[in-house]
**Q** 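Take a look at the following structure, please.
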Amino acid sequence: MRKITVFVLALVCMLGLVACTGKNMRFDIGVANSINIKSGLTGDEINITDKEIIQSITQNINSLRFEKTSESDGKVGYVYMVKWFDADGKQMESITITEENGYQISYGGYFYKVGADLCIDVTLINKLISTTAED
């Protein structure tokens, strides 16, 4: 009886691991030298080099766990496109933030929603884009 119990527990653990593989992802963007943000609603664009702002935006994205929901199937339209660049101006990462299902991202041909009761904090991005539009 003990062998069967151990076998069933092992099987449940393996199935749990297989079910989670590839569905959840986290970004590890690292240290960026600049960020480019473009509004998909207005077309306004801003380049950010302020280290504190870069760190705030990057930490918000890095701290979230994203769950793959579906293929983007070539769908276009976004609220914000965010691109991170290194000191040499080489693009490190790029995501688009959409309003579908609350805020989610499009990345690598798939949509990802934020897991658990967390959200992408777009307050700072909204403020930065609004300031740019006023200038």
Side-chain angles (χ1 to χ4, degrees):
M1 179 70 173
R2 184 169 181 218
K3 287 182 180 181
I4 292 174
T5 303
V6 170
F7 176 75
V8 169
L9 286 174
L11 183 61
V12 168
C13 288
M14 286 178 29
L15 289 175
L17 289 173
V18 170
C20 292
T21 303
K23 287 192 157 203
N24 297 330
M25 69 174 268
R26 287 184 181 265
F27 284 93
D28 186 14
I29 297 164
V31 179
N33 194 55
S34 66
I35 293 179
N36 175 274
I37 301 173
K38 182 174 183 177
S39 169
L41 304 173
T42 65
D44 293 326
E45 192 169 354
I46 185 169
N47 290 307
I48 301 164
T49 55
D50 182 297
K51 298 297 180 196
E52 286 182 33
I53 295 173
I54 291 170
Q55 185 176 17
S56 179
I57 293 170
T58 303
Q59 282 180 341
N60 176 244
I61 299 297
N62 279 344
S63 70
L64 301 173
R65 179 180 50 85
F66 294 91
E67 298 173 2
K68 186 186 282 188
T69 58
S70 64
E71 289 187 41
S72 59
D73 294 326
K75 292 179 185 173
V76 293
Y78 58 91
V79 178
Y80 296 111
M81 179 179 291
V82 184
K83 297 179 182 179
W84 287 264
F85 296 90
D86 66 14
D88 297 325
K90 181 180 174 189
Q91 184 175 309
M92 299 167 58
E93 200 61 81
S94 174
I95 63 170
T96 56
I97 301 171
T98 70
E99 280 186 319
E100 240 176 275
N101 301 321
Y103 287 112
Q104 67 178 7
I105 65 166
S106 175
Y107 176 78
Y110 291 91
F111 287 117
Y112 294 84
K113 69 178 183 173
V114 179
D117 295 321
L118 303 172
C119 65
I120 300 170
D121 184 1
V122 294
T123 307
L124 177 57
I125 295 173
N126 288 335
K127 183 179 175 184
L128 293 167
I129 288 292
S130 295
T131 303
T132 301
E134 293 171 1
D135 292 341

**Q** Given the rule that I, L, V, M, F, W and Y join up when any side-chain heavy atoms are under 4.5 Å apart, are Val79 and Leu64 in one cluster?
**A** yes

**Q** Flag yes if Ile95 and Ile125 sit in one hydrophobic cluster, no otherwise; membership is Ile, Leu, Val, Met, Phe, Trp, Tyr, and two members link when side-chain heavy atoms are under 4.5 Å apart.
**A** yes

**Q** Once rounded to the nearest 0.5 Å, what's the spacing between atom NZ of Lys68 and atom CZ of Phe111?
**A**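 Taking NZ in Lys68 and CZ in Phe111, the distance rounds to 13.0 Å.
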
**Q** Run the side-chain donor-acceptor check on residues 30-40: report pairs under 3.5 Å with partners two or more places apart or on a different chain.
**A**
residue, atom, partner, partner atom, Å
Asn33, OD1, Lys51, NZ, 2.9
Asn36, ND2, Glu45, OE2, 2.9
Asn36, ND2, Asn47, OD1, 2.6
Ser39, OG, Leu41, N, 3.2
Ser39, OG, Thr42, N, 3.1
Ser39, OG, Thr42, OG1, 3.2

**Q** I'd like a table of donor-acceptor pairs (distance under 3.5 Å, sequence neighbours excluded) in which one partner is a side-chain atom from residues 54-61, with atom names and distances.
**A**
residue, atom, partner, partner atom, Å
Thr58, OG1, Ile54, O, 2.7
Thr58, OG1, Trp84, NE1, 2.9
Asn60, OD1, Asp121, N, 3.1

**Q** Ile29 and Leu128: same hydrophobic cluster, using ILVMFWY side-chain contacts below 4.5 Å?
**A**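 Cluster IDs for Ile29 and Leu128 match.
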
**Q** Could you check whether any side-chain heavy atom of Thr98 comes within less than 4.5 Å of a side-chain heavy atom of Tyr103, counting everything from C-beta outward?
**A** no

**Q** If you measure from CE on Met92 to CZ on Phe85, what distance do you get to the nearest 0.5 Å?
**A** 10.5 Å

**Q** Less than 4.5 Å apart, side chain to side chain, heavy atoms only: is that true for Ile46 and Asp44?
**A**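 Ile46 does not reach Asp44 side chain to side chain.
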
**Q** In Å, rounded to the nearest 0.5 Å, how long is the span from OG of Ser70 to CD of Gln104?
**A** 7.0 Å

**Q** Using only atom types and a distance under 3.5 Å, with no angle test, would you say the side chain of Thr69 pairs donor to acceptor with the backbone of Lys113?
**A**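 Checking the backbone N and O of Lys113 against the side chain of Thr69, no donor-acceptor pair under 3.5 Å is found.
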
**Q** Could you tell me whether a side-chain N or O of Ser94 sits under 3.5 Å from a main-chain N or O of Lys83, the two making a donor and an acceptor?
**A**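 No, Ser94 side chain to Lys83 backbone: no donor-acceptor pair under 3.5 Å.
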
**Q** Please report the shortest heavy-atom distance between Tyr112 and Tyr107, naming the atom on each side.
**A**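 Heavy-atom minimum between the residues: CE1-O, 3.5 Å.
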
**Q** Among all residues two or more places apart in sequence or in another chain, which pass the ring pair (Phe, Tyr, Trp, His ring centres under 6.0 Å) test with Tyr80?
**A**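 Listed in chain order: nothing, the list is empty.
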
**Q** Kindly compute the distance separating OH (Tyr110) from CG (Asp73), expressed to the nearest 0.5 Å.
**A** 9.0 Å

**Q** Let me confirm one number: the CD1-CD1 distance from Ile120 to Ile105, rounded to the nearest 0.5 Å.
**A** 6.0 Å

**Q** Look at the side chain of Asp86 and the backbone N and O of Asp88, then say whether any donor-acceptor pair between them is shorter than 3.5 Å.
**A**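 Side chain of Asp86 to backbone of Asp88: a pair is present.
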
